[in-house]
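See structure below.
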Amino acid sequence: MSVVLKVEERATRPRSIRRKLREEGRVPAAVNGNGIQNLSISVNARQLEKDIRENGMNAVYVLDLDGKKISTLLHTYELDTFTKSWVHVEFLAVDMSQETEVEAELALVGTPKGVKAGGVLEQNLYTVVVSATPDKLPERVEVDITNLEIGDSLVIADIPKHEEFSIVTDAEEQICSVSEMSAAVEEDAEIAEAAEPELVNAKTEED
């Protein structure tokens, strides 16, 4: 998926220019890679937020700089600690014919049979590294866990192969497991279930 994002070239000095850009609703940014080195640009903050919200972090962002189109991926970014507003963004220029690696969310789909039987699901891995041409990079990788029984676990090697991308993360890395509920957890659950709210009689003899 690709998204066209209009950008403007910017000056790098003095440093106060960055603050002025942010006050104007623009985010200071830079482009590197694929023959481009430290190209300083700015992008409209609202448009950037909208595009990321609608298309994700792993979409191809085609930067439109005065009619010149540069295919990029969102490489790194910095947000203000308190306001969460954009401070700086770095785009990585890419060759659309060459594979590249990014992180993608790992999403567990379904309720394991073992959980329905009283077991506990524990997820150990939340992201994976995937490799593909920029236009095929997924935002998330879904894993069906409905057939997991108590005592079962799932590793990267268990994920079915996908035509558009490959998973680079170690094949033996454990994604999740379903285990029996421990005696301590069962006891706490029983106590919580049996507990009744204490009735407090606030009426006094004077009433």
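Screening residues 62-78 for salt bridge (charged side-chain N to carboxylate O under 4.0 Å, His left out), with sequence neighbours left out, gives K6-D64. For residues 123-133, the side chain to side chain donor-acceptor pair (under 3.5 Å) pairs, not counting sequence neighbours, are E99-S131, T133-D135.
A donor-acceptor distance shorter than 3.5 angstrom exists from the side chain of R26 to the backbone of S42, with no hydrogens or angles considered. A donor-acceptor pair under 3.5 Å is formed between the side chain of E139 and the backbone N or O of M57. At distances below 3.5 Å, not a single donor-acceptor pair connects side-chain atoms of R140 with backbone N or O atoms of L106. Using modelled atom types, one side-chain atom of N58 and one backbone atom of E103 make a donor-acceptor pair closer than 3.5 Å. R10 contributes a side-chain N or O that, together with a main-chain N or O of A29, makes up a donor-acceptor pair within less than 3.5 Å. Side-chain N or O atoms of D51 include none that pairs as donor or acceptor with a backbone N or O of L48 at under 3.5 Å.
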Give the C-alpha distance, both sets of side-chain angles, the deciding distance and a yes or no for side-chain contact (heavy atoms from CB on, under 4.5 Å) between V60 and L73. CA-CA 5 Å; V60 175; L73 295 174; 4.2 Å; yes
Take E163 and K136 through the side-chain contact (heavy atoms from CB on, under 4.5 Å) test and state the conclusion after the steps. CA-CA 10 Å; E163 292 182 0; K136 302 296 184 183; over 6 Å; no
T72/L92 under side-chain contact (heavy atoms from CB on, under 4.5 Å): CA gap, chis, key distance, verdict: CA-CA 5 Å; T72 71; L92 177 66; 5.8 Å; no
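Looking at residues two or more places apart in sequence or on another chain, you find a ring pair (Phe, Tyr, Trp, His ring centres under 6.0 Å) between Y77 and W86. Looking at residues two or more places apart in sequence or on another chain, you find no salt bridge (charged side-chain N to carboxylate O under 4.0 Å, His left out) involving E149. Shown here are the salt bridge (charged side-chain N to carboxylate O under 4.0 Å, His left out) partners of R22, two or more places apart in sequence or in another chain: there are none. For E164, there are no side-chain hydrogen bond (donor to acceptor under 3.5 Å, both in side chains) partners, not counting sequence neighbours.
One finds no salt bridge joining R53 and E49 here, because no Lys/Arg side-chain nitrogen approaches an Asp/Glu carboxylate oxygen to under 4.0 Å.
Of the residues V94, I41, V62, I36, the one that meets the side-chain contact (heavy atoms from CB on, under 4.5 Å) test with I70 is I36.
Residue N32 comes nearest to E90 through the heavy atom pair ND2-OE2, 3.4 Å, listed as atom of the first residue, atom of the second, then distance. The heavy-atom pair separating F91 from L74 by the smallest distance is CE2-CD1, 3.9 Å.
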